[in-house]
Engineer: 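Sending over a structure as structure tokens; questions will come in a sec.
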Amino acid sequence: MAGNKGRGRAAYTFNIEAVGFSRGEKLPDAVLKPPPLFPDADYKPVPLRTGEGEDYMLALKQELRETMKRMPYFMETPEEKQDWRRLPREMMPTKKCKKAGPKSKKAKDAGKGTSLTNTADVLKKIEELEKRGDGEKSDEENEEKEGSKEKGKEGEEEEEDDAAEQEEYDEEEQEEENDYINSYFEDGDDFGADSDDNMDEATY
Amino acid sequence: MTQAEIKLCSLLLQEHFGEIVEKIGVHLIRTGSQPLRVIAHDTGTSLDQVKKALCVLIQHNLVIYQVHKRGVVEYEAQCSRVLRMLRYPRYIYTAKTLYSDTGELIVEELLLNGKMTMSAVVKKVADRLTETMEDGKTMDYAEVSNTFVRLADTHFVQRCPLVPATENSDSGPPPPAPTLVISEKDMYLVPKLSLIGKGKRRRSSEEDATGEPKAKRPKHTADNKEPIPDDGIYWQADLDRFHQHFRDQAIVSAVANRMDQTSSEIVRTMLRMSEITTSSSAPFTQPLSSNEIFRSLPVGYNISKQVLDQYLTLLADDPLEFVGKSGDSGGGMYVINLHKALGSLATATLESVVQERFGSRCARIFRLVLQKKHLEQKQEIPKTPDHAPSRTFYLYTVNILSAARMLLHRCYKSIANLIERRQFETKENKRLLEKSQRVEAIIASMQATGAEEAQLQEIEEMITAPERQQLETLKRNVNKLDASEIQVDETIFLLESYIESTMKRQ
């Protein structure tokens, strides 16, 4: 039943004291909207200093950033090792180009980690060469294998995260080629094979 | 290390060295000293990659190693040194103002590479300078060497600790890691090298500097099998010396603002005289006599001895106490109170922040409390001997050290926010940026092969007007964010200097 709404005082259905308010009227205001993202700034900030020195340092900073990315000290993240026996052969990236987009996109459904670029292939080659080369490095390699095996066991979550990362990256790469939403696009039989070979030209 | 510092280190490492180095570096900052295998295990990274990452970090003086008992080598990260990467543009620009382009490039190469031999630096810088010179002109190694020596003499570059020379190698197996040593007197000692040569251009012009055909030109100039004359002697930028310079700059500029140009020149002279005699962490400089100061004033300055004495007295009497009088011999002995000066600069920074954030009234209150040390709110205060709350009165005070620490922490957070925002802006516009770069590359190559104006225009039009607008906005925003990073770092420098100086006193 509606009860005594409007007649007399409102009665709470629970013990108001349990929540921490004493019997009284002073309840906090109702929250009508989420709190603001940033606190209000009462005063505008002072403008940045300008001048020859500042301009020069700015240019220096931006140049340094670019330069450091090209130095040998910058370590690129290598590809996650895949077990190629379990994936369709067409998943393996070809040597030439980075944009193996359409192939890896299909793997989204498989839910398995996708490989993006030819770097995995290159790494494999390097590994093979290393095996043939120095016998000294065998210890390191065993440890690497152990490392990756352990990773394989533990790394279910990691792989999925990685797959998610790679998928994201894939989508971005895809965007460069066309404006279509990925799920609407159906690959033709020869799509993958052809596009990879002609990637010397830039796309706009 | 606070979370804010760790976050900032993470962003800096990632931007400069990539994700793997960032992972290893941040792990070490969080956990402290660890051996190689534990790092690999805890971070889930392959041993090979951990080794490479550690090599990069050690090369850049961001990680040090130590041999512990039972021959285990442990690696330790230097969080504060990582934060110094923010200041690289300032170090390089300072070198430019003091030693012009040659000095600038020397310091830049040392910072980019962490450590280098003198011969390697000289060659690289000569090559770089030659690139910028007119056709046919080259930069002589000797000139670069001279600038290098000057940088070493004024302590802006220093030797890295060396591998100790082992006399007899059969006194047991070699240690797992060398213990690098350097003595005070060797730190700025330049090896006697006769570096003869000139810089080489990368592109071959009609007359190649070395006469080698282009096809044979190696990527790196180290194809000659001559032994490197200064092998094993590495140099790095001496960041503490730069900091001393920044501190001096800040003091001089504060005196100029508060008093006048002449006073600031006198203070600058005193600081210059104390550069090498006073350690950078001393609370005040060595006493200097008025006579000495008079003799050391810059050549252009024509003030009489009496005027100098008047200025010195004024400076010593000023309530800010930048200059103090420590005796009467030699016409009066004066010192610069470095610690007090840093305190004043930190306090001024705090006042300024209060003013800009909370308004003039709050700034007045803040300054009053600072001045009076302890202030009470206006209230009726009956005096009673007991401590009953209703009859106790509370005083307000500013704890400068705490406030400085708090503000410093905020600065770290600010810069982290600035960097993240900049990365976000860049990422949002990644596609457009890449398109714009491609178009520029095409235009450049077309210009090189002599294309017509009409063709160039056609290519330029591939970027539409709204896209140009977007790029302009992006550039403006990124510039603003970058400039903000640089200026917040200046505040970080002042606050850190003050805190460091205060902690040494406790």
Side-chain angles (χ1 to χ4, degrees), chain A residues 38-39 41-78 81 126-127 130 137 139-148 150-151 154-155 158 165 172-173 175-176 179 201-204, chain B residues 15-24 37 40-41 44-53 55-57 59-60 85-86 88-90 92-94 96-97 104 108 111-114 352 355-359 427 430-431 434-435 438-439 441-442 462 478-480 482-487 490:
Chain A
F38 302 102
D42 298 314
Y43 301 91
K44 272 190 88 87
V46 180
L48 292 169
R49 269 207 320 271
T50 51
E52 215 182 288
E54 282 77 17
D55 289 340
Y56 195 83
M57 276 197 276
L58 175 62
L60 254 179
K61 182 174 199 284
Q62 293 176 338
E63 269 172 42
L64 273 176
R65 191 161 52 230
E66 290 311 306
T67 310
M68 287 199 121
K69 289 201 163 80
R70 291 194 301 264
M71 302 220 62
Y73 309 111
F74 194 94
M75 284 175 74
E76 300 280 0
T77 337
K81 293 202 165 69
I126 294 176
E127 249 191 82
E130 276 185 25
K137 288 199 182 162
D139 280 345
E140 276 185 42
E141 292 224 305
N142 285 336
E143 298 190 63
E144 268 188 37
K145 281 198 188 134
E146 275 182 309
S148 60
E150 277 178 44
K151 247 196 295 178
E154 304 171 6
E158 281 184 66
E165 243 186 70
E172 281 186 40
E173 291 259 325
E175 274 175 36
E176 292 188 50
D179 288 337
E201 302 165 20
T203 56
Y204 298 112
Chain B
E15 208 163 51
H16 289 187
F17 300 116
E19 305 220 340
I20 302 173
V21 175
E22 181 263 336
K23 185 156 62 153
I24 306 300
R37 284 172 202 278
H41 177 267
T45 323
S46 76
L47 211 58
D48 193 45
Q49 289 194 333
V50 176
K51 288 179 190 175
K52 287 194 190 127
C55 284
V56 168
L57 289 165
Q59 172 74 17
H60 283 80
M85 294 206 286
L86 279 167
Y88 283 8
R90 197 174 175 190
I92 298 169
Y93 181 66
T94 301
K96 186 190 178 70
T97 59
E104 176 194 358
E108 187 179 322
L111 289 172
L112 275 174
N113 289 286
S352 170
Q355 165 123 351
E356 295 308 325
R357 207 174 161 79
F358 303 111
K427 191 167 164 209
K430 178 177 149 155
R431 191 165 157 263
E434 286 178 356
K435 175 175 172 181
R438 275 195 293 258
V439 167
I442 293 174
M462 286 174 65
V478 168
N479 283 354
K480 216 179 220 183
D482 269 328
S484 303
E485 276 180 56
I486 295 176
Q487 293 190 22
E490 285 183 26

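The basis for the numbers below is simple: all heavy atoms, side chains too, and nothing from hydrogens, waters or symmetry mates. Every chain is numbered from 1, with letters handed out A, B, ... down the list of sequences.
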Engineer: With rounding to the nearest 0.5 angstrom, report the CG to CG distance, B:N479 to A:D55.
Structural biologist: 9.0 Å
Engineer: Given that the side chain runs from C-beta out, which part of B:E108 has a heavy atom under 4.5 Å from chain A: side chain, backbone, both or neither?
Structural biologist: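 Contact with chain A is through the side chain of B:E108 alone.
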Engineer: Counting only non-hydrogen atoms closer than 4.5 Å, does B:K96 touch chain A with its backbone (N, CA, C, O), its side chain (CB onward), both, or neither?
Structural biologist: side chain
Engineer: Non-hydrogen atoms of chain B under 4.5 Å away: do they reach the side chain of A:M71, the backbone, both or neither?
Structural biologist: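 For A:M71, the side chain is the part near chain B, not the backbone.
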Engineer: Calculate, to the nearest 0.5 Å, the distance between atoms CG and CE belonging to A:L64 and B:M85 respectively.
Structural biologist: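 Result: 11.5 Å between the selected atoms.
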Engineer: So which heavy atom on B:Y88 is nearest to which on A:M68, and how close?
Structural biologist: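 What the structure gives for the nearest pair is CE2-CE, 4.4 Å.
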Engineer: Using heavy-atom distances under 4.5 Å, tell me whether B:E490 contacts chain A through its side chain, its backbone, both, or neither.
Structural biologist: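 For B:E490, the side chain is the part near chain A, not the backbone.
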Engineer: If I compare all heavy atoms of A:L48 with all of B:Q487, which pair ends up nearest, and what's the gap?
Structural biologist: CD2-OE1, 3.8 Å
Engineer: Residues two or more places apart in sequence or in another chain: which of them pass side-chain contact (heavy atoms from CB on, under 4.5 Å) with B:I486?
Structural biologist: A:M57, A:K61
Engineer: Tell me the closest heavy-atom pair linking A:Y73 and B:N113, and the distance in Å.
Structural biologist: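 Closest approach of A:Y73 to B:N113: OH-OD1, 2.9 Å.
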Engineer: Using the rule given for side-chain contact (heavy atoms from CB on, under 4.5 Å), can you reason through A:Q62 versus B:V478, listing the C-alpha separation, both sets of side-chain angles and the distance that settles it, and then say yes or no?
Structural biologist: CA-CA 10 Å; A:Q62 293 176 338; B:V478 168; 3.9 Å; yes
Engineer: Below 4.5 Å from any heavy atom of chain B, which atoms of A:E76 appear? Answer side chain, backbone, both or neither.
Structural biologist: backbone
Engineer: Shorter than 4.5 Å, heavy atoms on both sides: which option in B:P89, B:G18, B:A40 has the most such pairs with chain A?
Structural biologist: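 Result: the option with the highest number of such pairs is B:P89.
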Engineer: Tell me if a side-chain donor or acceptor on B:E15 pairs with a main-chain N or O of A:R65 at a distance below 3.5 Å.
Structural biologist: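 No, B:E15 side chain to A:R65 backbone: no donor-acceptor pair under 3.5 Å.
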Engineer: In terms of relative ring orientation, are A:Y56 and B:Y93 parallel, tilted or perpendicular, with 30° and 60° separating the classes?
Structural biologist: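 Rings of A:Y56 and B:Y93: tilted, 30 to 60°.
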Engineer: Among A:E54, A:E63, A:R49, who wins on heavy-atom pairs under 4.5 Å with chain B?
Structural biologist: A:R49
Engineer: Enter the distance from A:E52:CD to B:T97:OG1 here, rounded to the nearest 0.5 Å.
Structural biologist: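 A:E52 CD to B:T97 OG1: 11.5 Å, rounded to 0.5 Å.
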Engineer: Report the option among B:A483, B:G359, B:G114 that has the most heavy-atom pairs separated by less than 4.5 Å from atoms of chain A.
Structural biologist: B:G359
Engineer: Between NE2 of B:H16 and OG1 of A:T67, what distance do you get to the nearest 0.5 Å?
Structural biologist: 10.0 Å
